[in-house]
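Scroll down for the structure; my scribbles are underneath it.
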There are 2 protein chains.
Amino acid sequence: MTAVEPVCTEEQLPSAARGGPVGHTLARVSRAHRIAMGRRLRDLGLYPGQELMMMRLWDCGAVRQSELIQSLGLDPSTVTKMLQRLEQCGYVHRSPDPADRRAVRVEATERGQALRAGVEDAWSDLEASSLAGLGPAERAELARLLGLVADNLREEAGEAGDCPPLNC
Amino acid sequence: MTAVEPVCTEEQLPSAARGGPVGHTLARVSRAHRIAMGRRLRDLGLYPGQELMMMRLWDCGAVRQSELIQSLGLDPSTVTKMLQRLEQCGYVHRSPDPADRRAVRVEATERGQALRAGVEDAWSDLEASSLAGLGPAERAELARLLGLVADNLREEAGEAGDCPPLNC
DNA sequence: CTCTTTTGCTTGGCTGGCCAAGGAATGGGT
DNA sequence: ACCCATTCCTTGGCCAGCCAAGCAAAAGAG
């Protein structure tokens with residue numbers, strides 16, 4: 001079953017998107033992916049997007065907020081609000097950095113740590129589901145191509161000279 | 001999967017995302033893509049997401065709101081609010097459907113039509129920028145693989161039996 | 001002809017995410 | 001020592017997008 005079924009294929013892309021078929025597909029896929037992830041995360045008590053922040057905290061332990069902002073590539077205000085909510089849920093603890101009174105140190109609480117297994121399962125599960133039918137070579141190729149696009153977009157985003165020390 | 005390149009490649013993916021590297025990259029790429037698109041759209045007076053709705057209207061002329069919902073795959077409430085804003089901006093006109101007093105007919109105004117060229121340019125431009133360095137074969141492969149993932153996700157989303165008449 | 005279900009859309013509430021503006025603290029230059 | 005630029009974070013405002021409820025009209029039972 002190679003699924004060449006003439007069923008519904010292209011989801012008829014808008015003619016105005018002729019100039020950007022890949023981008024269009026990318027947008028659709030990503031939204032579906034996010035929704036599917038959100039469904040899994042809801043059972044864990046998280047909203048889509050929060051899991052990425054928690055991952056960073058699981059990896060890095062206590063971290064300055066600015067490093068979170070950097071590593072996630074998010075707007076500072078976004079991070080502030082997300083952390084406020086995560087703190088209110090008890091997943092995260094914030095404390096003033098003694099060495100720099102402007103800064104805030106963030107770390108996952110025990111409740112936050114407890115989410116890790118569930119989140120990892122959710123990601124693995126979704127990965128399996130969304131890549132079903134793709135062979136290892138195809139998966140690798142998809143990852144590679146997405147990486148290229150990511151590089152192009154990162155470059156266009158202005159700050160080409162990225163890749164900072166990342167001391168975490 | 002070799003990819004042990006010490007450069008900068010992977011944007012060091014969180015270890016908790018090991019189970020879903022493709023999904024993780026997908027999320028990042030898509031966000032960057034959306035932002036880059038938003039930058040272009042702002043000059044036109046649109047917010048990211050709205051252009052997809054306008055495309056549909058450009059293609060279909062007057063359309064029932066429910067068909068918009070269906071074809072975009074969005075939540076009804078999302079569409080309602082987007083249309084309210086687009087209407088307030090004068091890009092869209094909404095009128096009650098005489099044949100079905102529950103329904104609403106939507107169409108692009110002249111001001112809305114006027115956006116078309118700009119949006120198409122924006123999409124083409126972003127497509128070129130984001131796919132720079134990829135050959136035609138790679139682009140096709142990327143589109144194909146994304147399509148497969150889209151199918152998988154659509155299926156998982158429950159309503160497998162989709163593919164409605166779509167009389168537009 | 002009435003009662004129930006289904007369809008279409010709206011409102012309210014919540015999150016992620018952006019930008020713009022602003023307030024502290026730090027650090028660099030003179 | 002001083003002042004100014006930079007960094008770090010917060011607040012407010014706005015939009016896309018979700019879900020849950022709800023209301024009105026249309027389509028199906030009975």
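The chains referred to below are lettered A, B, ... by the order of the sequence lines, with proteins before strands, and numbering in each begins at 1.
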Would you tabulate the nitrogen or oxygen pairs shorter than 3.5 Å linking the protein to nucleotides 11-13 of chain D?
from	atom 1	to	atom 2	distance (Å)
D/dT11	OP2	A/Q84	NE2	2.9
D/dG12	O6	A/K81	NZ	3.0
D/dG13	O6	A/K81	NZ	2.6

Check: protein-nucleotides 4-7 of chain C nitrogen or oxygen pairs below 3.5 Å:
from	atom 1	to	atom 2	distance (Å)
C/dT7	O2	B/R102	NH1	2.6

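Between B/M37 and B/A122 the shortest heavy-atom distance is CE-CB, 3.7 Å. A/Y91 approaches A/L44 most closely through the heavy-atom pair OH-O, 3.8 Å. Nearest heavy-atom pair across B/L153 and A/S130 is CD2-CB, 3.7 Å.
The distance between atom CE of B/M37 and atom P of C/dC18, rounded to the nearest whole Å, is 17 Å. If you take CD1 of A/I69 and P of C/dG16, they are 15 Å apart, rounded to a whole angstrom. In this structure, CZ of B/R85 is placed 10 Å from P of D/dG17, rounded to the nearest angstrom. In this structure, B/L83 places its CG atom 14 Å from P of D/dC15, rounding to the nearest Å. The CG-P distance, from A/L46 to C/dC14, rounds to 18 Å in whole Å. Protein atom CE of A/M54 is 12 Å distant from nucleotide atom P of C/dG16, rounded to whole Å. Atom CZ in B/R42 sits about 16 Å away from atom P in D/dC14, given to the nearest Å. Atom C1' of nucleotide D/dT7 and atom CG of A/L68 are separated by 16 Å, given to the nearest angstrom.
Between the side chains of A/T80 and A/Q65, at least one donor-acceptor pair of N or O atoms lies under 3.5 Å.
In this structure the side chain of B/Q88 never reaches within 4.5 angstrom of the side chain of B/Q84, judged on heavy atoms. Side-chain contact check for A/R94 versus A/R105: every heavy-atom pair is 4.5 Å or farther apart. Side chains of B/E107 and B/V63 form no contact here, defined as non-hydrogen atoms less than 4.5 Å apart. You'll find the side chain of A/Y47 stays beyond 4.5 Å of the side chain of A/R42, heavy atoms only.
Of the listed nucleotides (D/dC8, D/dA26, D/dC19), D/dA26 has the atom at the smallest distance from the side chain of B/R101.
One finds a salt bridge joining B/D100 and B/R64 here, because a Lys/Arg side-chain nitrogen approaches an Asp/Glu carboxylate oxygen to under 4.0 Å.
At D/dA16, none of the side-chain N or O atoms of A/R31 fall inside 4.0 Å of OP1 or OP2 (strictly under the cut-off). Close to C/dT15, at under 4.0 Å from its OP1 or OP2, lies no side-chain N or O of A/Q50. Between A/R105 and D/dC8 there is no side-chain N or O to OP1 or OP2 distance below 4.0 Å.
As judged by a 4.0 angstrom heavy-atom cut-off over every strand, A/I35 is placed among residues touching the sugar-phosphate backbone only.
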Next on the checklist: Between A/L74 and A/L52, does the side-chain contact (heavy atoms from CB on, under 4.5 Å) criterion hold? Intermediate values first, please.
Outcome noted: CA-CA 11 Å; A/L74 293 173; A/L52 297 172; over 6 Å; no
Checklist entry - Should B/M55 and B/D59 be marked as a side-chain contact (heavy atoms from CB on, under 4.5 Å) after you check the CA-CA gap, both sets of side-chain angles, and the distance that decides it? => result CA-CA 6 Å; B/M55 284 179 186; B/D59 273 21; 5.7 Å; no
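Put simply, CD on A/E141 and CD on B/E138 are 6.5 Å apart, with the number rounded to the nearest 0.5 Å.
Of the residues in residues 86-100 of chain B, those with a non-hydrogen atom less than 4.0 angstrom from any atom of DNA chain C are B/R94.
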